[in-house]
Protein chains: 2
Amino acid sequence: MRVLIALGGNAMTGPGGSATPEEQDQAIAVAMEHVADLVASGVDVALTHGNGPQVGNLLVKNELSAHVVPPVPLDWCGAQTQGTIGFLILDSLDRALAARGVSRPVATVVTRTLVDKDDPGFTKPTKPIGRYLPEADARALSQHGQTWEDRGEQGWRRVVASPQPLEILDAGAIEVLAAAGYIVVGSGGGGIPVVRHDDGSLHGVEAVIDKDLAAAILAPAIGADVLVIATDVENAIAGYGTAEAAPIGRVTPAELRRLQKDGHFASGSMGPKVEAALRFVEGGGARSAITSLQRITDAVHGRAGTVIENP
Amino acid sequence: MRVLIALGGNAMTGPGGSATPEEQDQAIAVAMEHVADLVASGVDVALTHGNGPQVGNLLVKNELSAHVVPPVPLDWCGAQTQGTIGFLILDSLDRALAARGVSRPVATVVTRTLVDKDDPGFTKPTKPIGRYLPEADARALSQHGQTWEDRGEQGWRRVVASPQPLEILDAGAIEVLAAAGYIVVGSGGGGIPVVRHDDGSLHGVEAVIDKDLAAAILAPAIGADVLVIATDVENAIAGYGTAEAAPIGRVTPAELRRLQKDGHFASGSMGPKVEAALRFVEGGGARSAITSLQRITDAVHGRAGTVIENP
């Protein structure tokens, strides 16, 4: 059985999303203990991961050093985090596997994700990123082609396109390595967003891609049977925040779609995870799961978390 | 025939080492035209590259934003440049290959390079990196474990370890992809430096690795027959800067070692390239070459550049 695990940003940072290098390294080390447990259970694993807090840091660096060093575009920031998170995962996973007596090679593939240059996100960006700034600063940055929105008391915030991922362009390399026995890290941060120009050429583009939606297309591309979305709760919750709140266990795609339509999942948090889990199973995947990092092995075997399967 | 091309930092930046995102992208696009010509000539190619100017930019960002965002260590900076340069190469190379009607997949592998934790560079760092600062700033940073040196009129500069590369830890993944037909980019910036602790575990370490010396060990690890070090001159020069200056063409390792011993190659520029080219052939490689980006195809076939071969 091949399983793709999508690790949330919370698995990569310290408490409260704090992201010093030491905190990131420690959080990744903890996450890899759980991943190594899953590998040791005899499952073939591939990994993808978020990068929100890390990109947030890079944007601040861009901003504060722009008078000396040319800022780099958002696609470059994503690429940067694939390198850092990627190599930290390799070191930690090597360690965690060795501690379990498991001998498996690991690799990280720099991964581009194709998006549509005509995606509505590019004309109407909606995804907030980076830190809040005072109106004057935000207006100055708006002169340079960025879109900033008034978010009330906290200040202004940049919004960018979050286009639909269409194709994981480097999935082939991930698949080749997985077939050769590697545990592969790929499509970090949802992949580096690129668009195809009319002449067929590929070019990076300023956008962020939802890493779970990207995982939902990476999983079938690399022949994964199961997609596990690891987050900070053990189950998706129906009626979250109401008196009827109840964890969702085993569920069919049709039942989960109904709950989704009825507005049970917040658009900024559980919403994309539910959507990604649904897309994978509706597209022919055997099973997807949403659960906590601690329960990924149980979830893969259908014993924990919100497990989406056809009846 | 498999060839590893090591691209110098000059192939990745604009005139004078300037490194805006646009300049970097354009420089890489030009470099990939030459690489695509080589691929189209029927040779199996792998790529590695430098990252000096790019890491320089990241260090300035670290410094200017340290009051808001935690600085990241030097190994992270190297990892960041593997992501950015790596994906830019993929996009440009895809384009250049398509323009020649060549259908070959491309991939970038995040690559760690093992160095000795007892390398003398760690106790006595000598490699200058980043920008010059006034003495007061340099002394303040020295309080945080960095080594800074008085460089006279220009100010103070940070020096770091540049340890010998011992093993390209992720060469196996590069080899698997190359064997599957991929043109692979790996070991960018000489690889992310990692040390092995006494318990066997791997950890990133603050250092820079000479990308040509790393290429000299990557080449045999991936079964390359030829190592080409692409730089900004067509040949290494004997007697550089003297009345007897003469370009070196075809040369045996023994002859080149003699010129090296006689002090013909500057330690900071041509020296490591000559050393890397020598190590590859002395270690059993069929041929290495030092030449300009424009002449790489001719050099691979022994028709241009400084070509090192056993007699």
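Distance check, rounded to the nearest 0.5 Å: NZ of B:K61 to NZ of A:K61 gives 8.5 Å.
Checked by atom type and distance alone, the side chain of A:R95 pairs as donor or acceptor with a backbone atom of B:L202 at under 3.5 Å.
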Q.
Set out, in order, the CA-CA distance, both residues' side-chain angles and the distance that settles side chain to side chain contact (heavy atoms under 4.5 Å, CB included) for A:D170 and B:L90, then state yes or no.
A. CA-CA 10 Å; A:D170 300 290; B:L90 297 184; 3.9 Å; yes
Q: Applying side chain to side chain contact (heavy atoms under 4.5 Å, CB included), run through A:F87 and B:D75 and close with a yes or a no.
A: CA-CA 10 Å; A:F87 103 88; B:D75 44 324; 3.6 Å; yes
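Between B:S65 and A:S65 there is no side-chain heavy-atom pair separated by less than 4.5 Å. Using a 4.5 Å cut-off on side-chain heavy atoms (C-beta onward), A:V109 and B:V110 make no contact.
For the pair A:V69 and B:V60, the tightest heavy-atom approach, listed with the atom from each and the gap, is CG2-CG1, 3.3 Å. Looking at every heavy atom in both residues, A:P21 comes nearest to B:P71 through CG-O, 3.3 Å.
For chain A, the nearby part of B:L88 is the side chain; its heavy atoms alone come within less than 4.5 Å. Looking at B:D199, there are no atoms closer than 4.5 Å to chain A (heavy atoms on both sides), in backbone or side chain. Contact annotation for A:V72: both backbone and side-chain heavy atoms come within less than 4.5 Å of a heavy atom of chain B. Contacts of B:V184 with chain A are absent, with no heavy-atom separation under 4.5 Å from either backbone or side chain. For chain A, the nearby part of B:A180 is the side chain; its heavy atoms alone come within less than 4.5 Å.
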Enumerate, atom names and distances included, each donor-acceptor pair closer than 3.5 Å involving a side-chain atom of residues 49-59 of chain B, sequence neighbours excluded.
from: B:N51; atom 1: ND2; to: B:T81; atom 2: OG1; distance (Å): 2.9
from: B:Q54; atom 1: NE2; to: B:Q24; atom 2: OE1; distance (Å): 3.3

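A salt bridge does not link A:D94 with B:R196: every distance from a Lys NZ or Arg NE/NH1/NH2 to an Asp or Glu carboxylate oxygen is 4.0 Å or more.
Ranked by heavy-atom pairs under 4.5 Å with chain B, the list A:V106, A:L177, A:T20 is led by A:L177. Comparing B:T108, B:V176, B:V185 by how many heavy-atom pairs each has under 4.5 Å with chain A, the most go to B:T108. Per-residue counts of heavy-atom pairs under 4.5 Å with chain A were compared for B:V68, B:I85, B:D25; the largest is that of B:V68. For the options A:Q82, A:H203, A:H67, A:Q80, heavy-atom pairs under 4.5 Å to chain B are most numerous at A:Q80.
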